[in-house]
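Right, one structure below, let's go through it.
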Amino acid sequence: MSTLAIHGGDPVRTRPFPEQRTLGDAERRAVLEVLDDGVLSDMIAERLEGGPRVRAAEEDYAARMGTRHGVATNSATTGLQAAVAAVGVQAGDEVICSPYTMSASAAVVLSQNGIPVFADIEDRTYGLDPASVTGRITEHSKAILVVHLFGHPAEMGPILDLAERHGLAVIEDAAQSIGATWEGRQTGTLGDVGVLSLNYHKIIHSGEGGMLLTDDDEIALRAKLVRNHGELTAGERGVSIPGTLGSNFRMTELEASIARAQLDRLEELLAHRRALAARLTARLAELSGVVPPQVREGCTSSFYVYGVRVLADQLDGVSRDLVADALEAEGIPLGRGYVAPIYRQPLYQQRAAYGRGCPWTCGPYRGEVSYEPGICPTAERLYEDELLILDVTRAPLTDRDVDDVADAFEKVLENRAALRAGRGA
Ligand SMILES: *Cc1c(COP(=O)(O)O)cnc(C)c1O
């Protein structure tokens with residue numbers, strides 16, 4: 001057995017993994033066309049629904065995903081903020097959220113003066129656990145904000161049932177899951193409204209950008225009002241609907257042109273991710289003590305990132321962090337635990353999003369939400385003890401790159417006695 005790099009042996013990998021690169025001639029041509037036109041953004045006067053490329057991008061994405069409407073925004077964060085307002089969340093309403101996601105997935109609720117209530121996740125696909133969601137529903141609940149984490153659909157069947165039974169709206173944060181499907185339907189189109197992210201680090205991108213998807217005419221209208229100062233054409237300029245405080249969440253023509261070209265690459269990029277993920281899973285499934293990502297029956301994943309659970313009790317007590325140290329020494333970049341459960345952030349612990357206790361104690365909120373440690377034990381365990389994140393399915397990585405990752409896992413786990421002893425064998 002070769003000596004672990006952490007003990008002075010040769011690392012499995014010395015070359016760095018390449019950065020994500022997915023732009024080509026189509027994107028270049030699209031941008032040059034906009035520059036030649038000279039109109040970089042076009043949402044004024046009689047055209048408050050956006051310029052030609054923004055509207056075309058909305059049509060393309062809605063058609064590809066299967067909704068009546070697309071509403072382009074300058075990020076998924078602002079798209080989600082518009083979605084929260086558009087489904088009618090008002091000051092003091094509770095929205096049930098995941099604690100194990102990017103901070104924006106809950107912050108957008110606070111932006112509307114709503115109250116994030118964190119339900120736990122399940123540890124197979126890291127989506128909201130329907131049993132925990134059930135326990136969080138109160139008379140103040142207004143919506144459930146579902147995240148399809150790492151590109152795998154959440155358990156939508158029970159969540160949609162719960163929402164229907166309790167009259168709650170369902171908002172999908174599909175920032176990581178573009179192209180992932182649940183029972184043949186696209187994530188982002190399963191609830192009342194969903195939002196895709198087009199930032200550079202996502203599966204396809206326009207630099208920054210978001211796309212809100214909905215079948216509901218009223219939600220689309222309200223989202224467009226929030227996007228643009230509460231103003232729209234159709235003879236009602238300047239007439240905003242109460243509860244939809246407007247801002248500037250507009251996408252430019254440049255981003256829209258790139259977003260359209262990138263959509264043409266989605267199939268190919270997803271196929272690439274799925275092939276590399278399958279290759280890595282085939283290898284890791286042979287090892288005990290690590291759990292590769294599962295794809296539930298009836299679902300496909302976009303493999304935004306590849307999450308692996310490390311189970312110390314199956315590795316003679318070798319911890320996730322020790323495995324991570326050893327893998328990093330072998331030249332494998334990784335993330336530990338993903339993110340701390342969101343409620344641990346000082347903003348929640350001190351209950352001051354806007355200062356002075358707002359929106360928890362300054363407004364109409366009359367509920368009792370808890371942000372105590374331990375409220376979401378599965379999220380805490382994954383963060384503290386189990387999860388490793390690998391960003392190795394993206395283009396331009398190849399089979400050889402994921403083979404190095406698998407070789408490094410094999411080497412580290414085979415040498416776990418030495419790893420535990422803290423020295424070379
Ligand atoms: C990236 C991301 C967002 C925010 O997307 P932006 O387009 O960067 O605003 C929201 N939720 C999740 C789960 C994300 O991964």
Side-chain angles (χ1 to χ4, degrees), residues 20 22 54 57-58 61 70-85 95-112 116 118-119 121 125-128 143-154 156 170-180 187-188 190-191 193-213 223 226-227 247-252 254-256 258-259 262-263 273 293 301-307 335 337-343 345 379 382-383 387 389-391 393-394:
Q20 167 155 277
T22 61
V54 165
E58 292 176 340
Y61 277 75
V71 180
T73 52
N74 52 13
S75 72
T77 304
T78 53
L80 283 166
Q81 194 177 325
V84 171
V95 177
I96 297 171
C97 297
S98 168
Y100 202 57
T101 172
M102 198 213 153
S103 59
S105 315
V108 294
V109 174
L110 293 171
S111 298
Q112 188 67 8
F118 296 101
I121 56 171
T125 60
Y126 317 125
L128 278 175
I144 304 172
L145 201 158
V146 179
V147 183
H148 304 299
L149 200 72
F150 306 156
H152 192 288
M156 289 309 285
V170 174
I171 302 166
E172 294 172 82
D173 177 343
Q176 302 183 356
S177 68
I178 186 170
T187 52
L190 307 167
V193 56
V195 180
L196 311 173
S197 174
L198 297 169
N199 94 27
Y200 163 72
H201 298 282
K202 299 297 157 62
I203 290 170
I204 58 174
H205 76 96
S206 54
E208 301 284 353
M211 186 64 70
L212 179 149
L213 301 167
V226 173
R227 173 176 67 178
S247 186
N248 175 352
F249 295 164
R250 300 189 298 248
M251 179 183 272
T252 72
L254 285 166
E255 289 142 357
I258 300 171
Q262 283 270 290
L263 188 58
R273 283 174 179 269
S301 175
S302 69
F303 288 104
Y304 169 63
V305 293
Y306 187 97
Y338 187 48
V339 293
I342 291 175
Y343 51 82
Q345 294 176 8
L382 289 167
Y383 168 65
L387 206 72
I389 303 293
L390 299 162
D391 182 15
T393 58
R394 64 191 150 82

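Whatever order the structure lists ligands and atoms in, that order sets their numbers, starting from 1.
Aromatic ring centres of Tyr338 and Tyr126 lie farther apart than the 6.0 Å criterion allows.
Residues passing the salt bridge (charged side-chain N to carboxylate O under 4.0 Å, His left out) test with Arg394 are Asp391, sequence neighbours excluded. When the salt bridge (charged side-chain N to carboxylate O under 4.0 Å, His left out) test is applied to Glu58, the partners found at least two apart in sequence or on another chain are Arg227.
Sorted by chain and number, the residues within 4.0 Å of ligand 1 by heavy atom are Ser75, Ala76, Thr77, Thr101, Met102, Ser105, Val147, Asp173, Ala175, Gln176, Ser197, Asn199, Lys202, Gly209.
The minimum heavy-atom distance linking Gln176 with Tyr304 is given by the pair O-CB, 3.2 Å. Between Ser301 and Phe150, the shortest heavy-atom distance links the atoms OG-O, 4.1 Å.
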When the side chains of residues 204-213 are checked against the rest of the protein, which donor-acceptor pairs come out under 3.5 Å, sequence neighbours left out?
| from | atom 1 | to | atom 2 | distance (Å) |
| --- | --- | --- | --- | --- |
| His205 | ND1 | Gly207 | N | 3.1 |
| Ser206 | OG | Glu208 | O | 2.9 |

